[in-house]
Amino acid sequence: MSDDLRILAVPALSDNYVWLLADASGAAIAVDPGEVAPVRAALAREKLRLTAVLLTHHHPDHIGGAAALTDGGRIAIYAPHDERIDVPCTRVGDGDRVAIESPALRFDVIAVPGHTKSHIAYFGQGIVFCGDTLFSVGCGRIFEGTPAQMLASLDRLAALPADTLVCCGHEYTEANCAFAETVDPRNAALSRRLAQARAQRGHGTPTVPVSLAEERACNPFLRVDTDAIVAALPDTQDRVGRFAELRRRKDGFQAPAA
Ligand code: ZN
Ligand code: FE
């Protein structure tokens, strides 16, 4: 990420993050503003002015504040092709490029169906805004796709450069680590990540962004081809089967009380 850019995770709703990416002049974009008040407060506190909004998918906890923040259309909104996002916006899809003047930013749009059918991610400046597709040490629930689709989407994100900063939509890292340990118990990188996440949450700081390299080392949903995950799921046939089984187990998993 370039030196004169600043990235901020703004906590919103119960466990969402709205991402702000700002340059030294104070021009900033917001990603997935699920609500207005915390974003306005962060913009004021950091002396930033909003110039554009990026949306990854139609769920209310990601778009709820977009219309109000953009002042009825005076600030550009970029969003996937999905009529359930009912705000004036520029629709973008796989292979499109979003160019923002101030701050000067370029993003490649990557289709990542699975959590929802029209979910997209934005990759640029060494950052990926991936909404509810990839979480730290986890992934989104499959609401509108198949396991094969979701895995293909995660494969595309995992293929980005190793130093890419993953900016996801929720703070789920501690619970995700607790689940990951049930299928990858001897992974030292995962134990370190859990200890780090506990310390970060203990201090009230976000556990993200996190590098993609770290995710490849810790996230079971990116590790379906590793010996550890293959060995943990002996009754599965192939990588899609392993992924589906991981997702099924996670859906039923209760994180132990912290
Ligand atoms: Zn969602
Ligand atoms: Fe969400």
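Each ligand, and each atom within it, is numbered from 1 in the order the structure gives. We're numbering straight along the sequence, starting at 1.
A donor-acceptor pair shorter than 3.5 Å can be found between the side chains of H115 and H59.
The aromatic rings of F179 and F221 lie parallel to each other, with less than 30° between the two planes, well short of the 60° mark.
Taking the Zn ion (ligand 1) as reference, the nearest N/O/S atom within H59 carries the name ND1. Checked against the Fe ion (ligand 2), the N, O or S atom of D132 at the shortest distance is OD2. Atom OD2 is the N, O or S atom of D61 at the shortest distance from the Fe ion (ligand 2).
Taking 4.0 Å as the cut-off between side-chain N and carboxylate O, R242 and D238 do not count as a salt-bridged pair. Checked for salt-bridge contact, R239 and E245 miss the test: no charged N lies under 4.0 Å from a carboxylate O.
Note: angle at the Zn ion (ligand 1), from NE2 of H57 to NE2 of H115, is 100° (rounded to 10 degrees). At the Fe ion (ligand 2), the angle from NE2 in H170 to NE2 in H62 is 110° when rounded to 10°.
At a cut-off of 2.8 Å, H62 does not coordinate the Zn ion (ligand 1) through any N, O or S atom. For the Zn ion (ligand 1), the set of nearby N, O or S atoms under 2.8 Å includes one belonging to D132. Metal site remark for the Zn ion (ligand 1): H119 contributes no N, O or S atom at a distance under 2.8 Å.
In the hydrophobic clustering of this structure, L134 groups with F253; members are Ile, Leu, Val, Met, Phe, Trp, Tyr whose side-chain heavy atoms approach within less than 4.5 Å, directly or through other members.
Rounded to the nearest 0.5 angstrom, L222 CG and L154 CG are separated by 6.0 Å.
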